[in-house]
Each structure stands twice: as structure tokens, then as C-alpha cells.
Amino acid sequence: MNDYIVASFVVVWFVLLMYLAVIAMRTAKMSREVELLSRVLARGATESEIPPAP
């Protein structure tokens, strides 16, 4: 194989892995925020304190 072809494959795989890492970090952050929100709602709010959905 040509060295340029191998280098392009390496670059594509690296970009793909970086993209997947960013998506995984974003998903983990959203998961933590949802868990925090559910804890806050379960801890102190009763149904009368929660405003109705618009």
C-alpha cells in the first residue's frame, strides 16, 4: 500500500475515535444532569410545588 493511503486511513480512524469520545462525554454529562435533576425533584419537591407543564 501507498504510504499516503495508510496515513489517510490513520487520520480517518483518529477523527472517528475523537468524534466517538466527544459523543460519549456529551452523553455522560447529560446523564449526570438528568440524575441530579431527578434527585432534586425527589428530595424536596412535592407535586404542589412543581409548576404545571405549559
Side-chain angles (χ1 to χ4, degrees):
M1 271 191 173
N2 193 353
D3 288 338
Y4 292 116
I5 294 173
V6 172
S8 67
F9 276 120
V10 169
V11 168
V12 167
W13 277 109
F14 179 75
V15 169
L16 180 64
L17 287 175
M18 289 298 104
Y19 174 75
L20 291 176
V22 167
I23 295 298
M25 288 188 301
R26 194 180 289 174
T27 302
K29 181 181 176 185
M30 285 193 307
S31 175
R32 286 191 307 267
E33 289 178 355
V34 167
E35 184 178 346
L36 178 63
L37 180 60
S38 67
R39 284 184 187 176
V40 167
L41 289 176
R43 179 179 49 183
T46 62
E47 288 190 26
S48 63
E49 295 173 346
I50 299 174

With R39, which residues qualify under side-chain contact (heavy atoms from CB on, under 4.5 Å), at least two apart?
->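 R39 satisfies side-chain contact (heavy atoms from CB on, under 4.5 Å) with E35 once adjacent residues are dropped.
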Starting at CE of M25, measure out to NZ of K29 and round the result to the nearest 0.5 Å.
->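 Atom-to-atom, M25:CE and K29:NZ are 10.5 Å apart.
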Using atom types as modelled and distance alone, determine if a side-chain donor or acceptor of S31 lies under 3.5 Å from a backbone N or O of T27.
->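 Looks like no, no N/O pair under 3.5 Å.
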Which atom pairs, donor and acceptor, lie under 3.5 Å between side-chain atoms of residues 8-16 and protein residues at least two apart or in another chain?
| unit_1 | atom_1 | unit_2 | atom_2 | d |
| --- | --- | --- | --- | --- |
| S8 | OG | Y4 | O | 3.4 |
| S8 | OG | I5 | O | 2.7 |

Would you find more than 12 non-hydrogen atoms of other residues, nucleotides or ligands less than 6.0 Å from N2 atom CG?
->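 Yes, CG of N2 has more than 12 neighbouring heavy atoms, counting only those of other groups under 6.0 Å.
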